[in-house]
Amino acid sequence: MFQNMFPIATNQMQPFSALPVMPVQAMTQQATRHARRVYVGGLPPTANEQSVATFFSQVMAKIGGNTAGPGDAVVNVYINHDKKFAFVEMRSVEEASNAMALDGIIFEGAPVKVRRPTDYNPSLAATLGPSQPNPNLNLCAVGLTPGSAGGLDGPDRIFVGGLPYYFTETQIRELLETFGPLRGFDLVKDRETGNSKGYAFCVYQDLAVTDIACAALNGIKMGDKTLTVRRANQGANQPKPEQESILMHAQQQIAIQKLMLQPALVATKVVCLTNAISADELKDDEDYEEIVDDMRTECAKFGTLVNVVIPRPQLNGEPAPGVGKVFLEYADIDGATKARAGLNGRKFGGNQVVAVFYSENKFAQGDYEG
């Protein structure tokens with residue numbers, strides 16, 4: 001009967017023990033691979049297989065996520081350098097589930113996304129081991145907030161739409177981080193070109209600032225766009241009364257950030273500094289003269305300084321154009337360019353200064369409002 005089922009010559013048949021058999025361990029690894037791998041997206045260009053493997057093995061050990069005994073949790077890494085993502089294979093299903101708690105962790109200065117790969121089969125994985133991270137992981141040891149697993153999921157996820165396409169991830173993060181550090185951030189890009197689609201999602205580490213950020217950022221004009229910022233699953237809530245002072249301060253900071261995010265203007269001989277001084281510092285005559293002298297001394301280091309203009313508040317309390325700004329007129333564009341590069345981002349009195357070129361015509365006309 002067997003000869004009829006398997007038409008093989010008797011002298012060619014071998015005992016079953018002689019047939020090549022895949023080791024049990026290899027069979028198990030193959031069957032569980034889909035549940036032992038995690039997708040890691042948003043990798044920096046400098047990432048390589050070794051650096052990713054070393055990093056995730058180290059952070060897994062720090063959070064107490066290793067469950068398969070001593071040694072490194074990562075056994076293999078595959079990187080797609082063009083699309084900046086990796087598949088990181090863990091030793092066990094449980095360790096892969098623990099790694100899901102690392103979503104949003106900072107790797108080489110950039111937050112990365114940790115997700116399940118597309119071939120992950122939840123129903124099959126459920127029979128192989130736990131599918132959720134251990135709730136007792138020490139996420140604080142690697143700078144993550146407990147309960148942040150899932151990164152950009154949940155009711156505090158923020159939608160940021162209307163972003164100019166030329167804004168970089170760094171610029172957008174700077175704008176959002178005016179309100180505090182981010183737990184997760186994802187700028188949505190076109191899969192084919194890698195270009196921004198003009199919208200992003202984020203979650204703050206301090207969830208209490210979610211509504212403040214939405215209220216302050218929503219409706220702000222950025223270049224030729226208007227931002228739409230709200231909770232991803234609903235309209236933006238109004239901030240509570242006790243948050244109003246925080247909101248006012250945040251809106252002032254946003255005005256400053258807007259200047260920083262504008263495309264560089266054509267170079268002129270005049271540089272305008274914002275956020276260098278406050279109106280209160282300009283009321284006293286002696287203090288005012290001292291500030292002007294200090295600015296002249298410091299800013300003359302970049303080139304021949306022709307004039308320093310610092311508008312003062314009016315005595316009657318009426319608003320005066322340009323109060324809080326410092327205008328520096330140089331003899332040539334070269335001096336002004338060096339001043340803008342040297343002063344932008346520096347701190348005066350604990351405040352980060354924004355330096356931009358200013359219209360020579362407006363300056364000559366005494367128009368300090370623009």
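Along the sequence shown, residues carry numbers from 1.
Here CD1 of I212 is found 10.0 Å from OH of Y204. Values are rounded to the nearest 0.5 Å.
F87 meets the ring pair (Phe, Tyr, Trp, His ring centres under 6.0 Å) test with F85; sequence neighbours excluded. Scanning for side chain to side chain contact (heavy atoms under 4.5 Å, CB included) contacts around D293 gives R296, with sequence neighbours left out. Judged as a side chain to side chain contact (heavy atoms under 4.5 Å, CB included), and not counting sequence neighbours, the contacts of K301 are E298. Take N195 and apply the side-chain hydrogen bond (donor to acceptor under 3.5 Å, both in side chains) test, not counting sequence neighbours, and it matches T193.
Between D186 and K113 there is a salt bridge, with a side-chain nitrogen of the basic residue lying less than 4.0 Å from a carboxylate oxygen of the acidic one. Salt bridge present: D103 and R115 bring a charged side-chain N and a carboxylate O closer than 4.0 Å.
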Please output the side-chain donor-acceptor pairs of residues 68-80 that fall under 3.5 Å, not counting sequence neighbours, one pair per line with the distance.
from : atom 1 : to  : atom 2 : distance (Å)
N80  : OD1    : D82 : N      : 3.2
N80  : OD1    : K83 : N      : 3.0

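The closest donor-acceptor contact from the side chain of E281 to the backbone of S278 lies under 3.5 Å.
The salt bridge (Lys or Arg N to Asp or Glu O under 4.0 Å) analysis of residues 117-134, with sequence neighbours excluded, yields the pairs R37-D119.
Between the side chains of D334 and T337, no donor N or O sits under 3.5 Å from an acceptor N or O. Side-chain contact of S97 with Q132: a donor-acceptor pair under 3.5 Å is absent, judged by distance alone. Inspection of the T170 and E174 side chains reveals no N or O donor paired with an N or O acceptor under 3.5 Å.
Close placement of the F107 and F55 rings is indicated, their centers lying within 6.0 Å of each other.
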request  = Evaluate side-chain hydrogen bond (donor to acceptor under 3.5 Å, both in side chains) for N48 paired with S51, printing each intermediate quantity in order.
outcome  = CA-CA 5 Å; N48 58 53; S51 65; 3.3 Å; yes
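Looking at every heavy atom in both residues, L187 comes nearest to A200 through CA-CB, 3.8 Å.
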